Amino acid sequence: MKNLKEILSELSRGCVDILPEGELEKKLLIAKRENRPLRVKLGIDASGPYIHLGFTIPLRKLKKFQEFGHTAVLIFGDFTGKIGDPTGKNKTRPQLSDEEIKENLKNYKEQVFKILDPQKTEIRLNGEWSDKLSPQDIIKLSSKMTVARMLERDYFEQRYKNGVPISLHEFLYPLFQAYDSVAVKADIELGGTDQKFNLLLGREIQEEYGLPGQVVMTLPLLEGIDGTRKMSKSYDNYVGITESPTQIFGKLMSIPDNLITKYMLLTTDIPEDRIKEFEKEMKEGKNPKDYKVILAKTIVQMYYTKEESDRCEEEFKRIFKEKGLPDNIPLIKVSKEDKNVKITNFLKKYKLTESTSEASRIIKGRGLRINNVVIDDFNFQYTPQKGDIIQVGKKKFAKVD
RNA sequence: GGAGAGAUUCCCGAGCGGUCAAAGGGGGCAGACUGUAAAUCUGCUGGCUGAUGUCUUCGUAGGUUCGAAUCCUACUCUCUCCA
């Protein structure tokens with residue numbers, strides 16, 4: 001049995017804030033005294049439940065709580081999803097239909113239980129209670145918040161300054177989210193650092209409704225594989241946990257060096273002191289690539305198997321060190337008419353490029369190889385032969401069948 | 001309700017009635033160098049095409065004009081100020 005100190009240190013690994021300070025310890029003590037599990041809340045957007053490495057950070061934290069006997073309460077934002085969240089400027093997200101929500105929920109569950117223990121997980125749809133709120137309830141809820149405080153938030157402040165429209169209902173979002181905490185009687189809520197305000201609001205609203213306020217734990221946002229913007233599907237810089245081992249491995253190998261240890265700390269169970277050693281070794285001049293391999297292998301192993309991770313490593317070596325070819329080159333079936341076709345048309349026809357213009361651009365840039373021979377003439381007449389290897393840029397391969 | 005400002009290509013942002021497929025930056029793609037890293041350098045960055053050109057693009061719909069992103073009208077949306 002671990003003592004309280006050890007538990008606290010494991011639970012706070014990677015956390016940015018635990019607010020109010022010291023409260024987590026109190027909650028843990030209360031749970032022990034009352035012999036009941038803590039209810040740890042995490043919200044997810046119903047519109048795109050595609051779980052990438054960034055989102056595994058809070059999920060893994062939740063798992064940690066489960067290991068210590070507590071209950072994970074996942075809030076699936078079907079209510080908010082139905083209203084349609086206007087994120088950007090001109091894009092008002094389409095409202096989700098009931099079927100879409102159902103479908104998303106199904107996919108979500110599948111992925112989430114790759115990490116969480118289903119026995120200790122409670123999945124709730126916030127429509128359950130939000131749908132039932134009357135206008136009076138909503139007014140009462142809104143009266144707990146002032147416009148000035150809303151506008152203080154970075155997110156709104158910037159948009160307001162830049163003249164980007166803010167719809168009124170966007171102000172309601174944090175309130176509904178906060179109300180979720182009331183509804184599920186959360187003891188703790190997890191979220192990214194960008195959620196700090198919302199999470200704290202949850203605490204306040206709980207107190208307004210006569211409940212003990214939740215403890216807020218914020219976790220860092222993980223930069224995507226481009227190393228700058230936060231990991232997100234819309235930036236196409238994500239590593240999805242349901243992607244193929246090869247993809248996961250490859251993507252992780254392309255993250256910038258300075259993120260290696262951050263990824264380790266947040267997305268794996270590699271012990272913190274080991275990570276510190278790695279850091280030191282890299283500073284002393286060891287090749288960061290080797291540590292990246294450790295990271296990539298660890299993660300592939302977490303979501304697949306040890307064998308897969310070994311295979312990925314070997315394949316990676318073969319492709320990039322020895323400039324060999326990947327294992328699974330997609331085959332393209334060419335038809336008999338494909339004789340002496342213009343190469344640009346060919347590339348477009350088989351979706352190797354978006355357009356013929358893109359094809360000629362790549363050809364001009366010396367990015368096209370057939371059987372390892374650079375083709376730099378965009379008027380090249382191509383007659384595909386079975387077994388030809390076509391390489392477009394660094395990453396796209398195809399084999400003629 | 002009133003007054004003003006604005007909507008440009010993936011994003012930000014220039015843009016005299018013709019020489020504008022539209023400056024510049026960001027992002028992206030490709031190449032060199034590497035460790036499929038970072039940094040740096042180079043090229044490209046609407047579609048189709050025999051590269052010559054051609055078609056579609058500047059909030060939407062009309063109009064003026066030989067010719068419009070640029071002028072006019074209406075509409076839609078946004079912002080700011082006043083009440």
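Since we're looking at a predicted model, the values are computed, not measured. Per chain, numbering begins at 1; letters A, B, ... match sequence-line order.
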Indicate yes or no: does A/Lys289 engage A/Asp257 in a salt bridge with an N to O separation below 4.0 Å. no

Quiz question: going by heavy-atom distance under 3.5 Å, is there a donor-acceptor pair between the base of B/G35 and the side chain of A/Asp290? no

Per atom distances to the A/Asn287 side chain, the nearest of B/G35, B/G50, B/A38 is B/G35

For A/Pro256, which contact category applies under a 4.0 Å heavy-atom criterion: base, sugar-phosphate, or nothing?
sugar-phosphate

In whole angstroms, the gap separating C1' of B/G35 from CG of A/Asp257 amounts to 8 Å

Side-chain polar contacts of residues 290-305 of chain A - donor-acceptor pairs under 3.5 angstrom, sequence neighbours left out - could you list them?
from, atom 1, to, atom 2, distance (Å)
A/Tyr291, OH, A/Glu281, OE1, 2.4
A/Lys292, NZ, A/Met253, O, 3.1
A/Lys292, NZ, A/Ile255, O, 2.7
A/Lys297, NZ, A/Asp310, OD1, 3.0
A/Lys297, NZ, A/Glu313, OE1, 2.9
A/Thr298, OG1, A/Ile294, O, 2.6
A/Tyr304, OH, A/Glu243, O, 2.5
A/Thr305, OG1, A/Glu308, N, 3.1

Taking Watson-Crick and G-U wobble contacts under 3.5 angstrom, with | marking pairs to another strand and [ ] crossing pairs, the secondary structure of RNA chain B is written (((((((..(((.....[.....)))((((((.......))))))(((....)))...(((((..]....)))))))))))).

More than 12 heavy atoms of other groups within 6.0 Å of A/Arg36 CZ = yes

(Q) Within 45 degrees of the ring normal and closer than 6.0 Å to the centroid, is that where the cationic atom of A/Lys283 sits relative to A/Phe278? (A) no

task: Determine the contact category for A/Ser357: base if any of its heavy atoms lies under 4.0 Å from a base atom, sugar-phosphate if only primed atoms, P, OP1 or OP2 are that close, otherwise nothing.
output: base

N/O to N/O distances under 3.5 Å, protein versus nucleotides 78-80 of chain B:
from, atom 1, to, atom 2, distance (Å)
B/U78, O2', A/Gly163, O, 3.4

Using a 4.0 Å heavy-atom cut-off, does A/Lys348 contact any base of the nucleic acid, only the sugar-phosphate backbone, or nothing at all?
sugar-phosphate

Take A/Glu315 and A/Arg311 through the salt bridge (Lys or Arg N to Asp or Glu O under 4.0 Å) test and state the conclusion after the steps. CA-CA 6 Å; A/Glu315 179 177 300; A/Arg311 208 209 79 230; 3.7 Å; yes

Practice prompt. Just call it for A/Ile255: base, sugar-phosphate, or nothing, with non-hydrogen atoms closer than 4.0 Å on any strand.
Written response: sugar-phosphate

Taking B/G50, B/G35, B/C48 as options, the one with an atom nearest any side-chain atom of A/Lys292 is B/G35

Set out, line by line, the N/O atom pairs under 3.5 Å between protein and nucleotides 27-33 of chain B.
from, atom 1, to, atom 2, distance (Å)
B/A30, O2', A/Gly365, O, 2.8
B/G31, O4', A/Gly365, O, 3.1

Please tabulate, one pair per line, each protein N/O and nucleotide N/O from nucleotides 20-26 of chain B that are separated by under 3.5 Å, including the distance.
none

Per atom distances to the A/Phe378 side chain, the nearest of B/A51, B/G47, B/A37 is B/A51

note: A/Gln381, atom CD; B/U49, atom C1'; distance rounded to Å ~ 14 Å

Rounded to whole Å, CD1 of A/Ile363 lies from C1' of B/A51 at a distance of 13 Å

- Look at A/Asp187 together with A/Lys41 and state whether they make a salt bridge at an N to O cut-off of under 4.0 Å. no

Rounded to whole Å, the NZ-C1' distance (A/Lys396 to B/U36) equals 15 Å

| message | Under 4.0 Å, counting only non-hydrogen atoms across every strand here, what does A/Asn345 touch: a base, just sugar-phosphate, or nothing? | response | sugar-phosphate

Whole-Å distance, A/Asp376 CG to B/C44 C1', equals 15 Å

Name every donor-acceptor pair, under 3.5 Å, that has one atom in a side chain of residues 108-118 of chain A and the other anywhere in the protein, sequence neighbours excluded.
from, atom 1, to, atom 2, distance (Å)
A/Gln111, OE1, A/Ile51, N, 2.9
A/Gln111, NE2, A/Pro49, O, 3.0
A/Gln111, NE2, A/Asn107, O, 3.3
A/Asp117, OD1, A/Gln119, N, 2.9

